[in-house]
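First comes the structure, then the notes that go with it.
Note: hydrogens, waters and symmetry copies are ignored here, and every other heavy atom, side chains too, is used. Letters A, B, ... mirror the listed sequences (proteins, then strands); counts begin at 1.
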Amino acid sequence: MTHLRGQRTGRLGATLVAVVALLVSGCSSEGASTKDVAKKYKDIPAETGEPQDGGTITVALTPGLSPNYIYPYPPASANGTVIARGLMWRALYRPSGAGDEVVNVDQSLAELPEVSDDRKTVTVRLKDYQWSNGRAVTADDVVFSLDLLKAALDKSPGNWSFYTPGQFPDGVSAEASADDTVTFSLETAYNESYLLSMLALLYVMPSQEWAIAETGGPQLDFTDPKNAKAIYTYLTKQSEDQAGFATNPLWQVVNGPFKLKSFDSTTGSFSLVPNEEYSGPGDQRLDQVDFKAFTSASAVLNQYKAGTLTVGTLDSSYVTEIDALKKDGYHVYGAPAPARFDALTINFENTVDDFDKIIAQPYVRQALQHLIDQEGYVESRGIYNGAASENYSTAGADSPYPPEFGDDAPYPYDPEAAKTLLTDHGWKVAPNGTTTCENPGTAEDQCGADIPQGARISFTLASANTPAYVGARDVAFVSEAKKLGIEVKVVTKSLNYMYANYGNSFAPATKNEWAMQDYGPLYLAAGYPSSNTVFNTTGSFNLGSYSNEDVDQLIDESTFGADPAVLAKEITTISEDLPVLFFPIPHTLVVWKDTLSGPEESFQSLLSFLYSPELWYLTK
Amino acid sequence: MTAAPTTPETVQLPPAPAGFRAAVRRMRHHPLGLAGGGLLLLVVAFCYLGPLFWKTNQTDVNLLDAALPPGPGHPLGTDTNGFDVLGRLMEGGQVSLQIGLLAALFATTFGTVYGAVAGLAGGVVDGFLMRLVDVLLSVPFLFFVLILSARFHANAWTLALVIGAFSWLISARLVRGEVLTLRVREYVLAARVMGASRRRIIFAHLIPNAMGVIIVNVTFQVADAVLVVAALGFLGFGLSYPTTDWGSQLASGVTYISADYWWLIYPVGGFIVLTVLALNLLADALRDAVGRKAD
C-alpha cells in the first residue's frame, strides 16, 4: 500500500500549501460605506505633461475576448473576434465615444453625409486619407466594402450580427460619383442618425489590393456579385491562417493609424506599429502598441499592480483597488458606458411550466421588475459596491434620447406592489411557498390567457459565471422572488456557452433550457440607441423572441422615419413593456499610467472600447 | 494395512471480532488517529448540531448586510449575499460531507465488487476488467467535468455520482489486489470445495476479509471527495443558490480577495483543510491498525 502512503504525503503537502497560501494572503478590511465610491473616479484627469516621441505602451484587452480573426467581417462560423477593430481599417465613420453623438467626425474617413430631401440619396465626400502603400482611399474602396458586406450576407445572414433581413445593406447600392465621392441610393429612406450608425459599421477595405479570388490572381470586378462572393471567400479563407496575420501582404494594406507587427495565435496578444501614411488626426508619437490578451479580470488587475500594463479597462468588481492603483501611479476614470444596459433577458418561447403564457402577461413582468432593488444592488458591497448607476431603460445612462419617465422608475422596487399585482390577477401568493393561479381566465382580475388553474411561476435563470456582480445580482433577484412564492432556478453557465446556445433566433432547439438569462451588458449604438435587431419581432438579435406590434411600429419609425425624436418614444414604450428586467449599469473603469497622456476624450472613449493610441504619448 | 479413518482435527479460527477489537485497541494507542477522529467528530457536530444553536437565515439575501466583516451578530462576518458566514459554513459543511460520503460509498461499493469479481475470476475476465479500469483512469477527470458543467447543472446527487464514477477505479484496483492474495487462502479453497457459489465466496469470504483495506480506502475516499467537491465548486461546477458547499463558498470568497474580504476565505478554507486533515489522520491510523493485523 505504498501508493496510499504516497497519496497521504501528497495530501498533507497540499494541505500545508493551502494553509500557507491562506496565511500569506493577508487580512484587513472595513465595513466602509459604498455611497461615495464613485467620487473616486468620476472626474477624468486633464491632459498634462510634456510629450515625448517614441516608446511602447501595453494595452489590456477585455478579458476573455482574445482576437482570432483579422478580416473585418468574420463569418458566423468563425466565431471571430477581430484584431484591433478600427485601428487598422477604419469604418467610413468612426463611432463616437461620447453618448450624445453617433460618430466622431474628426476621426472619420469622410465628412458628414449630405442627404437628399426624400432621404433616398446620400452623398458622402471622403477626406484625404491614404492606404499604407500610398494609394489614396477612394470612393471605389467604399463601394467595394459595401459589396463585400453584401457578399458575406448572401452566404449567410448570420455573417453580420447587425443585420435585419430587408434592411441595410439590403436595398442599398453605392456608386463612385467621383474619386472622393460616393453616392448611396436607398430603396427605402432611413432615419439619418440610424443610417449614420450603420455607416459607422462599414469598414473601408482596399478595393485594388483585395479584389482577388486567389493569391497573385487577377483583380476582379467586385460589382459583379459572383466575383464579390469569390473575393469574400478568398479573404475569409486567408483570415483563417493566424500564423500569416502579420506576414500576409494583404493585411499590411491598411487605412487606419496602425499596422500589425506581430500576432501570438496562442494567446491572442498582438503588437501594432504606426502606419506612416496615416493622415488622420493624431501625432503618432508611440513606436509600438502591444495589446495583451487576458482570460480573467483578476489577471488584468495583477498586471496593473505589477506595473506591466499602461492602459486598459478594469472590471468594476475591483473598485476597492482604486486607491492602491492611484498610489501605484495610475489614473482611474469610471462611468457607465454610453448606450449600455444590463438586464435579465426574457425568453418568451420557453414553454416549461407554461412560462411562455405566464410571462406574456405584462403584470407578471411588472411584478418581477418590482422585485429588483436597484438602489440596494448599487449600494451592496456584495454586488456593485457603489460602482453602478440605476437604470430602467434601453437607452442607458445620460442618453440624448431619455425615456419619457425620466429618472422615475416605472416599476421601482416594491415587493408589496408586486404582490398586489399578482393577487389582483387571480394568483394566490404564498410567501416562501408556491404561488399558484387560483382564478384562471382572461378577465381583468384573472391570471390571463391559457394559464391553467394551479399553475405556478417557476423558471430557470441562466447566469453568466463572470463577472462576479452578475451572479450576485441574480441571486438577489431569486431570493426576492422566493419571498413571493416564485421559484427561480439559477444555473451558472460560461459566457461562451450562453452566446452559442441561448438565443431563439440562432439556437431554437435550446429554447426550453432558459427562461431568463443574464450575460452581462448589452450595447446599443451610442448617440442613436435604436433597439432595431434587438427587440423588433424579426430582429436577428432578438434572443428571447419578444414581439409587440406597437414596439415594431416604433422601431420602424425610428429606423426609417425622419424624426429622431420618435426614438425616445420607442425607448419609453419598450422600457415600460419590459421585454427584459432592468438591472443597474455597472461603471466601466478606465485605468492608465500617469506617464501616458492624450486628449481626455480618447480615454473616455475607452468606456466603449474605442482605442485611440494615435492620440496618446508618453510624457517626459 | 490401512489406517483407520480418523476425524480431522478441528481448526479453531479466531473469532472475527477479536481482530476488530485488536484494531480498535491499536487505534486507541494511535494519538494522531485519535486526534483525527476527534477533529472529524467536532466538524460533523459543528455542521449538524451547530444550526440548532446558531440559527441564521440562509435563504433570504440581505443586500445591505452584504460582505460585513466579523462583528456583533456575525462572528465570522457575512458573505456577499448578506448570509451569516458562520451559518453558511454549517450549511455548506453538511452538503460537502454528504457529497463526500455519498461519493465514497458509491465508489467503494462498486469498486469493491468490481475488484473482487476481477480478482476472483482471474484470467481473461480479470485482464479485460482491469484494462477497462486502466482506460478509464486515463480519462482526465477535470476535462470531463468541465465538459459536463458546460451542458448540465450540478446538484448534490449529480456531484456525488460524478465524483464516485471516477473514484471507484482506485477501490477496484486495491480490492482486486487484496483478493488475489485471499483467493488462495485455505478458507476460500474450502468454500470452493464445499460448492459455494462465486457470489457467496465474494460476499461471504473475500469482501469481509478485505474489509480492512476497504475501510481505510473509504476514509481516504471521503477526504478526496471533499477536496474534489471543493475543487469543482471552485471551478464553477459547484452548487447554486440556495444550496451551497464549501468549494463554492471558497470560490466566491476568492473572487473578492482583492477587496480584502478575508472572512470569506480563511474560515471556509480552514474547514476544508481541517476536515481533510482529520480524515487523512484517521485513515492513516486505520491503515496502521488494520495493516498490523495483516502482518
With the side chain counted from C-beta on, respond yes when Tyr241(B) and Lys489(A) share a heavy-atom pair under 4.5 Å apart, and no when they do not. no

Ordered numerically, the heavy-atom neighbours of chain B under 4.5 Å found in residues 372-380 of chain A are Asp373(A), Gly376(A), Tyr377(A), Glu379(A), Ser380(A)

**Report entry** Side chain to side chain, Val475(A) and Val61(B), heavy atoms closer than 4.5 Å
**Finding:** yes

To the nearest 0.5 Å, atom OG1 of Thr80(B) lies from atom OH of Tyr469(A) at 15.0 Å

Compare all side-chain heavy atoms of Ile383(A) with those of Leu63(B) and state whether any distance is below 4.5 angstrom. yes

Taken in chain and number order and not counting sequence neighbours, the residues that satisfy side chain to side chain contact (heavy atoms under 4.5 Å, CB included) with Ser167(B) are Ala107(B), Ile163(B), Gln221(B)

Greatest number of non-hydrogen atom pairs under 4.5 angstrom with chain B, of Val490(A), Asn302(A), Val488(A), Leu301(A), falls to Val490(A)

Of the listed Asn465(A), Val478(A), Val491(A), the one with the largest count of heavy-atom pairs under 4.5 Å with chain B is Val491(A)

Open item on the list: Could you tell me if the side chain of Arg381(A) sits less than 4.5 Å from the side chain of Tyr256(B), heavy atoms only?
Closed with: no

When the 4.5 angstrom heavy-atom criterion is applied to Asn81(B) and chain A, the contacting part is side chain

Contacts of Leu484(A) meeting side chain to side chain contact (heavy atoms under 4.5 Å, CB included) (sequence neighbours excluded), chain-then-number -> Leu371(A), Ala418(A), Lys419(A), Leu422(A), Val429(A), Ile486(A)

Honestly, the part of Ser479(A) sitting under 4.5 Å from a heavy atom of chain B is both

Contacts satisfying salt bridge (charged side-chain N to carboxylate O under 4.0 Å, His left out) that involve residues 463-481 of chain A (not counting sequence neighbours) are Asp342(A)-Arg473(A), Arg473(A)-Asp518(A), Glu480(A)-Lys483(A)

